[in-house]
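Written out below as C-alpha coordinates is the structure these notes cover.
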Amino acid sequence: MHLDEDDSDVKIAGCETRGDEAGDEAEELRRQHENGNLALARELGKQLSQRMTGLESESSFGIDLCENEDLCLQRRLLFAFSACYAVECFVPGKLLQDVAVNAFYNALKNTMPEFYGDLDSSGSFSFYYLCVRRSGEVSEAIGHTFAMLSGKNGEPVIERLGEALFIRFSDVVREMIAAMQFRQD
(Lines give C-alpha, C1' and ligand atoms only; values in the text may rest on other atoms or scores of the structure.)
Protein backbone atom coordinates (compact mmCIF):
# COMPACT_ATOMS: atom_id res chain seq x y z
CA MET A 1 0.00 0.00 0.00
CA HIS A 2 1.30 3.43 -0.91
CA LEU A 3 1.03 6.41 1.43
CA ASP A 4 -1.41 8.19 -0.84
CA GLU A 5 -3.85 5.23 -0.97
CA ASP A 6 -7.11 5.30 1.00
CA ASP A 7 -6.83 2.93 3.97
CA SER A 8 -10.22 3.70 5.57
CA ASP A 9 -11.44 0.17 4.93
CA VAL A 10 -8.44 -1.47 6.66
CA LYS A 11 -9.37 -3.12 9.94
CA ILE A 12 -7.06 -4.33 12.65
CA ALA A 13 -7.95 -7.91 13.51
CA GLY A 14 -9.83 -8.24 16.77
CA CYS A 15 -10.22 -4.53 17.53
CA GLU A 16 -13.72 -4.11 16.14
CA THR A 17 -14.97 -7.24 17.90
CA ARG A 18 -13.56 -6.13 21.25
CA GLY A 19 -15.13 -2.71 20.82
CA ASP A 20 -18.48 -4.29 20.02
CA GLU A 21 -18.25 -6.52 23.10
CA ALA A 22 -17.38 -3.57 25.33
CA GLY A 23 -20.31 -1.62 23.92
CA ASP A 24 -22.63 -4.58 24.48
CA GLU A 25 -21.39 -4.96 28.06
CA ALA A 26 -21.84 -1.25 28.75
CA GLU A 27 -25.37 -1.41 27.35
CA GLU A 28 -26.16 -4.46 29.48
CA LEU A 29 -24.79 -2.70 32.57
CA ARG A 30 -26.91 0.37 31.85
CA ARG A 31 -30.03 -1.74 31.26
CA GLN A 32 -29.55 -3.78 34.45
CA HIS A 33 -28.95 -0.61 36.45
CA GLU A 34 -32.07 1.06 35.10
CA ASN A 35 -34.36 -1.91 35.74
CA GLY A 36 -33.04 -2.28 39.32
CA ASN A 37 -31.39 -5.67 38.87
CA LEU A 38 -27.90 -4.41 39.76
CA ALA A 39 -29.12 -3.21 43.14
CA LEU A 40 -30.94 -6.53 43.65
CA ALA A 41 -27.79 -8.51 42.82
CA ARG A 42 -25.74 -6.48 45.32
CA GLU A 43 -28.42 -6.94 47.96
CA LEU A 44 -28.53 -10.68 47.28
CA GLY A 45 -24.78 -10.94 47.84
CA LYS A 46 -25.06 -9.09 51.16
CA GLN A 47 -28.00 -11.22 52.27
CA LEU A 48 -26.12 -14.41 51.41
CA SER A 49 -23.25 -13.25 53.59
CA GLN A 50 -25.64 -12.44 56.43
CA ARG A 51 -27.25 -15.88 56.15
CA MET A 52 -23.81 -17.37 56.60
CA THR A 53 -22.51 -15.13 59.36
CA GLY A 54 -25.63 -13.97 61.18
CA LEU A 55 -26.95 -15.02 64.56
CA GLU A 56 -28.92 -17.85 62.98
CA SER A 57 -26.24 -18.83 60.50
CA GLU A 58 -27.51 -21.15 57.80
CA SER A 59 -24.18 -22.97 57.84
CA SER A 60 -24.99 -24.02 61.42
CA PHE A 61 -28.20 -25.75 60.35
CA GLY A 62 -28.53 -29.01 62.29
CA ILE A 63 -25.12 -28.63 63.90
CA ASP A 64 -24.06 -31.17 66.50
CA LEU A 65 -22.16 -29.69 69.43
CA CYS A 66 -19.61 -32.51 69.05
CA GLU A 67 -18.54 -31.35 65.59
CA ASN A 68 -14.91 -30.28 65.44
CA GLU A 69 -13.53 -27.07 63.96
CA ASP A 70 -12.64 -28.68 60.62
CA LEU A 71 -16.20 -29.86 60.14
CA CYS A 72 -17.57 -26.42 61.03
CA LEU A 73 -15.21 -24.81 58.51
CA GLN A 74 -16.32 -27.27 55.84
CA ARG A 75 -19.96 -26.42 56.58
CA ARG A 76 -19.20 -22.76 55.86
CA LEU A 77 -17.21 -23.59 52.75
CA LEU A 78 -20.06 -25.78 51.50
CA PHE A 79 -22.55 -22.98 52.13
CA ALA A 80 -20.33 -20.55 50.22
CA PHE A 81 -20.05 -23.00 47.32
CA SER A 82 -23.80 -23.70 47.36
CA ALA A 83 -24.53 -19.97 47.33
CA CYS A 84 -22.21 -19.30 44.38
CA TYR A 85 -23.43 -22.33 42.46
CA ALA A 86 -27.10 -21.44 42.99
CA VAL A 87 -26.38 -17.88 41.87
CA GLU A 88 -24.85 -19.28 38.66
CA CYS A 89 -27.91 -21.46 38.12
CA PHE A 90 -30.76 -19.13 39.06
CA VAL A 91 -29.69 -15.48 38.70
CA PRO A 92 -30.34 -14.30 35.14
CA GLY A 93 -27.23 -13.33 33.18
CA LYS A 94 -23.50 -13.44 33.79
CA LEU A 95 -23.28 -9.76 34.73
CA LEU A 96 -25.79 -10.09 37.58
CA GLN A 97 -24.24 -13.37 38.70
CA ASP A 98 -20.83 -11.72 38.94
CA VAL A 99 -22.23 -8.73 40.84
CA ALA A 100 -24.02 -10.97 43.36
CA VAL A 101 -20.99 -13.22 43.93
CA ASN A 102 -18.63 -10.24 44.26
CA ALA A 103 -20.97 -8.58 46.78
CA PHE A 104 -21.07 -11.88 48.71
CA TYR A 105 -17.27 -12.14 48.75
CA ASN A 106 -16.81 -8.48 49.68
CA ALA A 107 -19.23 -8.80 52.58
CA LEU A 108 -17.43 -11.95 53.78
CA LYS A 109 -14.09 -10.22 53.45
CA ASN A 110 -15.35 -7.38 55.69
CA THR A 111 -17.18 -9.47 58.29
CA MET A 112 -15.11 -12.68 58.32
CA PRO A 113 -11.63 -11.91 56.98
CA GLU A 114 -10.13 -15.13 58.36
CA PHE A 115 -12.82 -17.25 56.72
CA TYR A 116 -12.44 -15.27 53.50
CA GLY A 117 -8.77 -16.27 53.53
CA ASP A 118 -9.76 -19.91 54.08
CA LEU A 119 -12.22 -19.66 51.23
CA ASP A 120 -9.58 -18.22 48.96
CA SER A 121 -6.95 -20.84 49.77
CA SER A 122 -8.87 -24.04 50.52
CA GLY A 123 -9.46 -25.46 47.05
CA SER A 124 -12.84 -26.81 48.20
CA PHE A 125 -14.68 -25.09 45.37
CA SER A 126 -12.59 -26.97 42.81
CA PHE A 127 -13.54 -30.29 44.36
CA TYR A 128 -17.22 -29.35 44.55
CA TYR A 129 -17.27 -28.07 40.96
CA LEU A 130 -15.87 -31.44 39.85
CA CYS A 131 -18.91 -33.06 41.49
CA VAL A 132 -21.24 -30.76 39.58
CA ARG A 133 -19.53 -31.32 36.23
CA ARG A 134 -19.46 -35.10 36.44
CA SER A 135 -22.51 -37.05 35.49
CA GLY A 136 -24.40 -38.77 38.27
CA GLU A 137 -26.03 -37.73 41.49
CA VAL A 138 -24.55 -34.32 42.33
CA SER A 139 -25.73 -34.11 45.94
CA GLU A 140 -24.36 -37.58 46.70
CA ALA A 141 -20.99 -36.70 45.15
CA ILE A 142 -20.97 -33.44 47.14
CA GLY A 143 -21.60 -35.48 50.30
CA HIS A 144 -18.62 -37.75 49.60
CA THR A 145 -16.44 -34.72 48.87
CA PHE A 146 -17.64 -32.94 52.03
CA ALA A 147 -16.60 -35.97 54.10
CA MET A 148 -13.22 -36.14 52.36
CA LEU A 149 -12.55 -32.42 52.88
CA SER A 150 -13.59 -32.76 56.53
CA GLY A 151 -11.04 -35.52 57.10
CA LYS A 152 -13.86 -38.05 57.49
CA ASN A 153 -13.48 -39.83 54.15
CA GLY A 154 -15.73 -42.87 53.84
CA GLU A 155 -17.82 -42.11 56.93
CA PRO A 156 -21.43 -42.58 55.78
CA VAL A 157 -22.92 -40.28 58.44
CA ILE A 158 -20.68 -37.38 57.40
CA GLU A 159 -21.30 -38.11 53.71
CA ARG A 160 -25.06 -37.97 54.27
CA LEU A 161 -24.60 -34.81 56.32
CA GLY A 162 -22.76 -33.15 53.43
CA GLU A 163 -25.42 -34.27 50.99
CA ALA A 164 -28.24 -32.98 53.21
CA LEU A 165 -26.47 -29.67 53.82
CA PHE A 166 -25.91 -29.12 50.10
CA ILE A 167 -29.59 -29.77 49.39
CA ARG A 168 -30.66 -27.48 52.25
CA PHE A 169 -28.25 -24.67 51.36
CA SER A 170 -29.17 -24.85 47.67
CA ASP A 171 -32.89 -24.68 48.49
CA VAL A 172 -32.42 -21.72 50.83
CA VAL A 173 -30.37 -19.77 48.28
CA ARG A 174 -32.76 -20.61 45.44
CA GLU A 175 -35.65 -19.25 47.56
CA MET A 176 -33.65 -16.10 48.34
CA ILE A 177 -33.00 -15.57 44.64
CA ALA A 178 -36.68 -16.09 43.78
CA ALA A 179 -37.65 -13.56 46.45
CA MET A 180 -35.43 -10.93 44.81
CA GLN A 181 -37.70 -10.99 41.74
CA PHE A 182 -35.08 -10.15 39.14
CA ARG A 183 -36.56 -8.58 36.03
CA GLN A 184 -36.09 -10.56 32.85
CA ASP A 185 -36.33 -7.62 30.43
Side-chain angles (χ1 to χ4, degrees), residues 21-22 24-26 28-61 63 67 69-133 138-139 141-143 145-146 148-150 161-184:
E21 287 175 13
D24 291 346
E25 290 172 3
E28 177 69 6
L29 185 62
R30 183 200 59 75
R31 193 173 64 76
Q32 296 297 352
H33 174 72
E34 286 180 0
N35 71 14
N37 280 349
L38 276 182
L40 290 175
R42 285 185 193 102
E43 181 61 26
L44 174 63
K46 290 176 190 171
Q47 285 183 17
L48 288 169
S49 174
Q50 290 168 350
R51 285 300 286 263
M52 190 169 138
T53 62
L55 202 50
E56 294 182 25
S57 167
E58 191 61 43
S59 61
S60 298
F61 175 76
I63 197 165
E67 291 182 19
E69 229 175 278
D70 289 339
L71 197 56
C72 290
L73 172 62
Q74 289 307 317
R75 282 173 164 273
R76 286 187 179 136
L77 290 169
L78 181 55
F79 179 84
F81 169 77
S82 301
C84 293
Y85 180 63
V87 164
E88 289 175 16
C89 292
F90 301 111
V91 170
K94 180 84 170 104
L95 173 70
L96 296 177
Q97 293 165 11
D98 289 348
V99 169
V101 168
N102 286 336
F104 174 59
Y105 286 153
N106 288 335
L108 287 178
K109 191 176 186 177
N110 291 331
T111 58
M112 300 177 71
E114 187 174 317
F115 174 73
Y116 179 80
D118 291 337
L119 181 64
D120 193 40
S121 65
S122 76
S124 295
F125 275 36
S126 296
F127 286 106
Y128 288 135
Y129 272 114
L130 284 173
C131 296
V132 168
R133 289 188 174 101
V138 172
S139 56
I142 294 275
T145 300
F146 176 81
M148 184 226 12
L149 292 170
S150 300
L161 173 64
E163 182 177 352
L165 289 173
F166 175 67
I167 292 168
R168 165 70 184 202
F169 298 160
S170 297
D171 286 346
V172 166
V173 176
R174 189 176 66 243
E175 289 171 10
M176 290 173 70
I177 292 167
M180 300 307 285
Q181 298 182 342
F182 286 99
R183 294 182 56 141
Q184 298 295 324

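Just so it is clear, the structure is predicted and the values come from calculations on it, not from any experiment. When reading the values below, keep in mind they use all heavy atoms of this one structure, side chains included, and skip hydrogens, waters and symmetry mates.
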Which atom of [X] lies closest to which atom of [Y], heavy atoms considered:
{"X": "Ser150", "Y": "Leu71", "value": "OG-CD1, 3.3 Å"}
{"X": "Leu161", "Y": "Arg75", "value": "CD1-NH2, 4.0 Å"}
{"X": "Arg42", "Y": "Val99", "value": "CG-CG1, 3.6 Å"}

Side chain to side chain contact (heavy atoms under 4.5 Å, CB included) partners of [X], counting only residues at least two apart:
{"X": "Leu130", "result": "Arg134"}
{"X": "Lys46", "result": "Glu43"}
{"X": "Met148", "result": "Phe127, Thr145, Asn153"}
{"X": "Thr111", "result": "Ser49, Thr53"}

What distance separates [X] [atom1] from [Y] [atom2], expressed to the nearest 0.5 Å?
{"X": "Ser122", "Y": "Gln74", "atom1": "OG", "atom2": "CD", "value": "6.5 Å"}
{"X": "Leu165", "Y": "Ile142", "atom1": "CG", "atom2": "CD1", "value": "11.0 Å"}
{"X": "Gln32", "Y": "Phe182", "atom1": "CD", "atom2": "CZ", "value": "9.0 Å"}
{"X": "Asn102", "Y": "Gln97", "atom1": "CG", "atom2": "CD", "value": "11.5 Å"}
{"X": "Asp118", "Y": "Met112", "atom1": "CG", "atom2": "CE", "value": "8.5 Å"}

Leu77/Leu149 under side chain to side chain contact (heavy atoms under 4.5 Å, CB included): CA gap, chis, key distance, verdict
CA-CA 10 Å; Leu77 290 169; Leu149 292 170; over 6 Å; no
According to the salt bridge (Lys or Arg N to Asp or Glu O under 4.0 Å) rule, which pairs have a member within residues 90-102, sequence neighbours left out?
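Sorted pair list: Lys94-Asp98.
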With sequence neighbours excluded, give me every salt bridge (Lys or Arg N to Asp or Glu O under 4.0 Å) pair touching residues 101-114.
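Output for this query is empty, none listed.
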One pair to check against side chain to side chain contact (heavy atoms under 4.5 Å, CB included): Tyr116 and Asn106. What are the steps and the verdict?
CA-CA 9 Å; Tyr116 179 80; Asn106 288 335; 5.9 Å; no
The criterion is side chain to side chain donor-acceptor pair (under 3.5 Å); which residues satisfy it with [X], sequence neighbours excluded?
{"X": "Gln181", "value": "none"}
{"X": "Asp171", "value": "Arg174"}
{"X": "Ser170", "value": "none"}

Can you find a heavy atom in the side chain of [X] that is under 4.5 Å from one in the side chain of [Y]?
{"X": "Arg51", "Y": "Val173", "value": "no"}
{"X": "Leu119", "Y": "Phe125", "value": "yes"}
{"X": "Leu44", "Y": "Phe104", "value": "no"}

Is there a donor-acceptor contact under 3.5 Å from the side chain of Asn37 to the main chain of Arg183?
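Yes: the side chain of Asn37 pairs with the backbone of Arg183.
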Donor-acceptor pairs under 3.5 Å, side chain of residues 82-90 to any protein atom, not counting sequence neighbours: which ones?
| unit_1 | atom_1 | unit_2 | atom_2 | d |
| --- | --- | --- | --- | --- |
| Ser82 | OG | Leu78 | O | 2.8 |
| Glu88 | OE1 | Tyr129 | OH | 3.4 |
| Glu88 | OE2 | Tyr129 | OH | 2.5 |

Would you please test Phe166 and Phe81 for side chain to side chain contact (heavy atoms under 4.5 Å, CB included) and show each step?
CA-CA 9 Å; Phe166 175 67; Phe81 169 77; 3.9 Å; yes
